[in-house]
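Have a look at the structure below, then the notes.
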Amino acid sequence: MATSLLPKNIESLKAYSSAKSEKLTGNTWLNANESPFSKSIKVSIEDLNRYPEPQPESVINAYSEYAQLSPAQVLMTRGADEGIELLMRTFCEPAKDTIAIFTPTYGMYKVSADTQNIAINTLSQDQLKEAQISELSLLIGDAKLVFICNPNNPTGSLTPVDKVAALAKALENSALVVVDEAYIEFAPEQSAVSLLQDFNNVVVLRTLSKAFALAGLRTGFLLANDAVLNPVRKVIAPYPVSTAVAKIAEQALSVDAITQMRRQVNILNSNKAKLKTWLSNSPKVTQVLCGEGNFVTLQLSDKTLIEQAMKAGTIMRPFTLFGEDNWLRISIGSEQELEQVKLWLEQSE
Ligand SMILES: *Cc1c(COP(=O)(O)O)cnc(C)c1O
């Protein structure tokens with residue numbers, strides 16, 4: 001009986017398969033772009049009988065300083081994923097409005113749109129890269145939200161900030177340009193945050209899940225001007241961030257913790273360079289997409305090689321890209337973890 005109550009768009013949903021939803025067994029986890037660095041965190045909380053601050057001031061202040069914005073331009077969310085969903089809930093009318101995405105890209109834009117019955121105008125990364133701004137705005141049409149994942153997961157490619165600015169200008173009266181900067185710490189000079197000075201239709205998504213090594217915390221941020229954040233503030237749950245999460249996020253954004261994060265990013269970037277060399281020299285690899293971000297995506301000569309790695313306990317993320325199912329994304333782990341990848345590449349047959 002309950003199923004007959006389901007709206008059509010919900011009934012036709014396929015369960016989203018995230019890197020973590022499948023029950024895999026392994027010992028080297030390189031499939032979810034997590035950081036290999038984990039810190040042990042101790043918190044002592046005495047006021048859990050009270051509701052938390054809706055937007056914890058200490059965290060907002062620390063993040064705004066880190067992002068070089070004013071506190072009013074920062075909204076804390078349960079991961080960047082909640083930011084994506086909130087933007088759609090706030091700006092899109094179900095069964096009427098459209099978002100635009102450039103595939104292959106991060107899967108949650110589609111999941112959020114599908115669950116909210118929002119249509120998707122699927123454009124390609126090639127179009128984003130090649131098309132002139134006038135042509136791009138025609139392709140984008142009447143989409144209300146335009147998602148640019150920068151650097152793009154899973155291809156690693158970057159859209160220059162100038163291009164984002166030109167697009168924001170062209171769409172000034174018709175759409176929000178949402179720049180997903182989940183991996184921006186790996187290429188900080190490419191951030192679109194400075195565009196908030198000139199544009200009310202630019203939104204930047206951020207997370208503590210990747211470079212900050214806190215995927216388990218579920219913390220992200222929406223960065224935008226009042227024109228965007230004021231309406232979102234009316235839609236977001238009244239107490240989205242628990243007291244415990246706020247305490248930990250505050251510690252993670254201390255000056256020392258940010259210095260440590262930057263050191264870890266340098267280590268991961270050099271691990272990535274090493275992995276890239278191994279991959280380009282391997283006969284098992286036919287193509288490497290190595291861009292910015294804590295991952296490398298490659299095409300294998302033979303898809304069964306993935307099972308071989310899985311059997312050895314090295315878990316990486318298979319993808320179907322550009323119509324072919326022999327792609328693999330490897331998250332940049334510790335040197336020790338990447339040694340497992342090297343062993344696999346060197347394994348005969
Ligand atoms: C990992 C990732 C996110 C999700 O971030 P959370 O803060 O963990 O929800 C968002 N966007 C992209 C492109 C990602 O790769």
Side-chain angles (χ1 to χ4, degrees), residues 16-21 29-36 38 59 63 66-67 74-89 99-113 115 125 128 145-159 164 177-188 190-193 203-223 232 236-237 240-242 245-246 248-249 252-253 261 265 268 272 289 291-297 316-317 319 321 327 329-333:
Y16 179 62
S17 142
S18 70
K20 280 303 182 70
S21 58
W29 295 94
L30 301 174
N31 65 334
N33 294 350
E34 294 152 337
S35 170
S38 74
V59 179
Y63 201 85
Y66 166 68
V74 178
L75 185 77
M76 185 177 181
T77 58
R78 287 176 289 218
D81 283 354
E82 192 195 25
I84 294 165
E85 190 184 283
L86 277 171
L87 288 170
M88 293 189 204
R89 282 174 59 203
I99 63 158
I101 61 174
F102 300 93
T103 59
T105 193
Y106 185 51
M108 281 307 290
Y109 313 135
K110 175 170 162 54
V111 172
S112 266
T115 54
Q125 283 286 315
L128 177 62
L145 303 177
V146 179
F147 285 89
I148 298 181
C149 189
N150 216 27
N152 186 49
N153 176 7
T155 61
S157 64
L158 267 168
T159 306
V164 179
V177 176
V178 185
V179 189
D180 185 341
E181 296 190 341
Y183 300 99
I184 203 65
E185 281 80 11
F186 297 92
Q190 305 286 341
S191 174
V193 153
V203 187
V204 175
L205 292 164
R206 292 284 186 86
T207 180
L208 297 189
S209 295
K210 306 288 159 60
F212 280 91
L214 286 170
L217 191 66
R218 309 307 304 128
T219 293
F221 298 90
L222 269 183
L223 311 179
V232 175
I236 194 170
V241 178
S242 86
V245 166
I248 297 168
L253 293 167
M261 178 277 287
V265 162
L268 293 175
K272 179 167 69 176
L289 307 178
E292 313 303 324
N294 63 343
F295 55 88
V296 171
T297 301
M316 300 170 282
R317 180 93 192 256
F319 272 95
L321 293 183
W327 289 87
R329 190 190 66 196
I330 307 177
S331 306
I332 306 304

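When a ligand or atom number is given, it counts from 1 through the structure's own listing order. For this chain, numbers begin at 1 and follow the sequence in order.
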Would you call Arg218 a ligand 1 contact, heavy-atom distance under 4.0 Å? yes
Side-chain donor/acceptor of Lys272 to backbone N/O of Gly293, under 3.5 Å: yes
Should Trp327 and Thr155 be marked as a side-chain contact (heavy atoms from CB on, under 4.5 Å) after you check the CA-CA gap, both sets of side-chain angles, and the distance that decides it? CA-CA 11 Å; Trp327 289 87; Thr155 61; over 6 Å; no
What atoms of ligand 1 come within less than 4.0 Å of a heavy atom belonging to Ser209? 6 (P), 7 (O), 8 (O)
Strictly under 4.0 Å, does any heavy atom of Gly220 approach an atom of ligand 1? no
Taking atom types as modelled and ignoring hydrogens, do the side chains of Asn153 and Arg329 form a donor-acceptor contact shorter than 3.5 angstrom? yes
Cys149 versus ligand 1: do any nitrogen or oxygen atoms come within less than 3.5 Å of each other? no
So, does Thr77 use its side chain to make a donor-acceptor pair with the main chain of Gly220 at under 3.5 Å? yes
Those residues at least two apart in sequence (or on a different chain) that pass salt bridge (Lys or Arg N to Asp or Glu O under 4.0 Å) with Glu34 are Lys20
Could you work out, with salt bridge (Lys or Arg N to Asp or Glu O under 4.0 Å) as the rule, every residue matching Glu82, not counting sequence neighbours? Arg78
Between ligand 1 and Arg78, is the shortest N or O to N or O distance under 3.5 Å? no
Based purely on interatomic distance, does Thr207 place a nitrogen or oxygen under 3.5 Å from a nitrogen or oxygen of ligand 1? yes
Check: Phe212 ring centroid to Tyr66 ring centroid under 6.0 Å: yes
Consider every N or O of Tyr106 and every N or O of ligand 1, then say whether any pair is closer than 3.5 Å. no
For atom 15 (O) of ligand 1, the protein heavy atom that lies nearest, with its residue and separation: Tyr183 OH, 2.6 Å
If I compare all heavy atoms of Thr207 with all of Thr219, which pair ends up nearest, and what's the gap? OG1-O, 3.4 Å
Nearest-option assignment for atom 1 (C) of ligand 1, heavy atoms, candidates Lys210, Glu181, Met108: Lys210
Ligand 1 to Gly79, heavy atom cutoff 4.0 Å, flagged ligand atoms 6 (P), 7 (O), 9 (O)
Judged by heavy atoms only, the candidate from Leu208, Leu205, Asp180 nearest atom 12 (C) of ligand 1 is Asp180
